[in-house]
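Input: a single structure, listed below in structure tokens.
Atom set for the values below is all heavy atoms of this structure, side chains included, hydrogens, waters and symmetry mates excluded.
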Amino acid sequence: SMWRLFPEDRPLSGTISADINKLTKLEVLDLGDNLFEGPIPSQLGDLEYLQVISFYNNQLSGPIPTELANLSQLTELNLTTNMLNGHIPTELGNLENLQILFLSDNQLTGEIPLSLGNLSQLVELDLGGNQLTGGIPSQLGNLSSLQRLHIWGNQLTGPIPSELGNLNALRELGLGGNQLTGTIPSTIWDLTNLEFLSLGWNNLEGNIP
């Protein structure tokens with residue numbers, strides 16, 4: 001991306017210093033595709049002007065700091081392909097300007113917070129490739145701007161909420177590789193903008209009309 005600070009052929013390594021909060025005017029922080037390890041510093045929550053955090057494809061571990069929920073300007077949080085664990089913080093539902101939330105390919109556990117249904121600007125949500133349990137919250141049906149919803153490859157149980165049929169802008173729905181049960185709600189066939197639908201490798205039953 002144009003924001004990239006480093007040459008492609010020499011990945012950075014080490015940890016992300018807590019002193020990063022001295023960069024008080026920072027708006028974009030892209031450290032993607034490097035070899036950073038250790039935790040995401042909670043001090044990132046001090047950087048009130050941050051709009052983009054992109055740490056994809058590193059070796060970061062530990063939990064997602066709840067302090068990130070202080071970043072009221074944040075539009076993109078991309079933590080894909082790390083070794084993050086613990087729960088998805090409920091507090092992330094306070095990020096009212098968030099458009100992109102990518103947490104896929106980590107080791108996250110626990111349930112999907114109902115509060116994610118408050119992210120009214122969200123366009124893309126990818127929680128795939130974790131160890132999430134519990135059901136798919138019906139509150140996700142509130143995300144009227146959502147175009148991509150991926151929760152593939154977890155340990156989710158229960159039915160597919162009929163409320164997902166409210167997502168009129170949805171182009172991709174990936175729920176495969178879970179333990180979902182019941183029938184496919186008829187509301188799914190109302191998603192006329194859908195280009196990609198993956199429901200395989202579950203325990204669904206009934207007919208496809």
Side-chain angles (χ1 to χ4, degrees), residues 1-6 10-134 137 139-140 143 150-151 153-155:
S1 77
M2 63 177 288
W3 299 106
R4 194 168 179 93
L5 304 175
F6 318 110
R10 296 177 58 194
L12 295 177
S13 59
T15 58
I16 301 173
S17 169
D19 287 338
I20 199 156
N21 65 355
K22 295 178 179 175
L23 303 177
T24 54
K25 298 284 194 270
L26 206 60
E27 296 179 6
V28 174
L29 179 57
D30 182 355
L31 302 177
D33 226 6
N34 281 294
L35 297 171
F36 285 107
E37 57 188 11
I40 297 173
S42 59
Q43 290 82 358
L44 276 182
D46 298 337
L47 299 176
E48 58 182 310
Y49 298 110
L50 263 188
Q51 296 170 30
V52 174
I53 295 176
S54 185
F55 292 163
Y56 69 92
N57 199 20
N58 279 281
Q59 297 170 13
L60 298 169
S61 57
I64 299 171
T66 56
E67 289 83 357
L68 298 185
N70 299 337
L71 301 173
S72 59
Q73 307 299 312
L74 204 65
T75 61
E76 177 178 339
L77 178 58
N78 184 349
L79 306 177
T80 289
T81 313
N82 281 283
M83 299 183 293
L84 300 170
N85 57 34
H87 293 189
I88 299 171
T90 301
E91 293 85 349
L92 295 185
N94 298 333
L95 295 172
E96 56 186 26
N97 291 302
L98 203 63
Q99 297 172 23
I100 293 174
L101 179 58
F102 289 165
L103 304 178
S104 57
D105 284 317
N106 281 286
Q107 297 162 19
L108 299 171
T109 55
E111 300 194 2
I112 299 170
L114 311 185
S115 61
L116 297 188
N118 298 333
L119 299 174
S120 58
Q121 305 300 312
L122 207 60
V123 178
E124 301 187 50
L125 175 61
D126 193 343
L127 307 176
N130 282 289
Q131 297 157 31
L132 301 171
T133 52
Q139 287 84 348
L140 296 183
L143 302 176
H150 287 283
I151 327 180
N154 281 282
Q155 298 160 25

- Any chance you could lay out the side chain to side chain contact (heavy atoms under 4.5 Å, CB included) test for Val52 and Leu29, step after step, and finish with the verdict? CA-CA 6 Å; Val52 174; Leu29 179 57; over 6 Å; no

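- Thr15 places no side-chain N or O within donor-acceptor distance of the main-chain N or O of Ser17, the cut-off being under 3.5 Å.
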- Item | Stepwise side-chain hydrogen bond (donor to acceptor under 3.5 Å, both in side chains) test for Ser104 and Thr80 | CA-CA 5 Å; Ser104 57; Thr80 289; 3.1 Å; yes

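- The shortest distance between side-chain heavy atoms of Leu84 and Leu79 falls below 4.5 Å.
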- Would you please test Ile53 and Leu44 for side chain to side chain contact (heavy atoms under 4.5 Å, CB included) and show each step? CA-CA 9 Å; Ile53 295 176; Leu44 276 182; 4.3 Å; yes

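- With contacts defined as side-chain heavy-atom distances shorter than 4.5 Å, the pair Leu127/Leu125 qualifies.
- Heavy atoms of other residues, nucleotides or ligands lying less than 6.0 angstrom from CD of Gln107 number more than 12.
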- Could you please spell out the steps behind the side chain to side chain contact (heavy atoms under 4.5 Å, CB included) verdict for Leu108 and Asn85? CA-CA 4 Å; Leu108 299 171; Asn85 57 34; 5.6 Å; no

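- A donor and an acceptor atom, one from each side chain of Asn58 and Asn34, are nowhere located under 3.5 Å apart.
- In terms of modelled atom types and a separation under 3.5 Å, the side chain of Asn57 and the main chain of Gly32 share no donor-acceptor contact.
- A distance-only check finds no donor-acceptor pair linking the side chain of Asp126 to the backbone of Phe102 [under 3.5 Å].
- For the atom pair CD (Gln99) and CD (Gln121), the distance works out to 6.5 Å, reported to the nearest 0.5 Å.
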- Task: Begin with the C-alpha distance, continue with both residues' side-chain angles, and end with the deciding distance and a verdict on side chain to side chain contact (heavy atoms under 4.5 Å, CB included) for Thr75 and Leu98.
- Result: CA-CA 4 Å; Thr75 61; Leu98 203 63; 5.6 Å; no

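- Side-chain contact between Tyr49 and Leu23 is absent, with no heavy-atom pair separated by less than 4.5 Å.
- Between the CD atom of Gln43 and the NZ atom of Lys22 there is a distance of 11.0 Å, given to the nearest 0.5 Å.
- Separation of atoms CG (Asn78) and CD (Glu124) is listed at 10.0 Å; rounding is to 0.5 Å.
- Side-chain contact between Asn130 and Thr109 is absent, with no heavy-atom pair separated by less than 4.5 Å.
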List the atom pairs, with distances to 0.1 Å, where a side-chain N or O of residues 64-72 and a protein N or O form a donor-acceptor pair under 3.5 Å, not counting sequence neighbours.
unit_1, atom_1, unit_2, atom_2, d
Asn70, ND2, Glu67, O, 3.3

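- Counting heavy atoms from C-beta on, the side chains of Ile151 and Leu140 come closer than 4.5 Å.
- Summarising the geometry, atom CG belonging to Leu101 is positioned 10.0 Å from atom CD belonging to Glu76; distances are rounded to the nearest 0.5 Å.
- When all heavy atoms of Gly117 and Leu143 are compared, the pair lying nearest together is O-CD2, 3.7 Å.
- How far CG of Leu103 is from CG of Leu132: 8.5 Å, rounded to the nearest 0.5 Å.
- Looking at Ser115, its side chain does come within 3.5 Å of a backbone N or O of Thr90 through a donor-acceptor pair.
- Inter-residue side-chain proximity for Asp30 and Tyr56 is flagged as met; some heavy-atom pair is nearer than 4.5 Å.
- Distance alone, capped at 3.5 Å, is enough to place a donor-acceptor pair between the Asn82 side chain and the Leu60 backbone.
- Closest non-hydrogen pair, Ile88 versus Pro113, comes out as O-CG, 3.3 Å.
- Of all non-hydrogen atoms in Asn118 and Gly93, the two that sit nearest each other are CB-O, 3.6 Å.
- Taking OG1 of Thr133 as the reference point, atom CD of Glu111 lies at 5.5 Å (rounded to 0.5 Å).
- Taking 4.5 Å as the limit, some side-chain heavy atom of Met83 sits within range of a side-chain heavy atom of Gln59.
- Residue Leu50 comes nearest to Val28 through the heavy atom pair CD2-N, 4.0 Å, listed as atom of the first residue, atom of the second, then distance.
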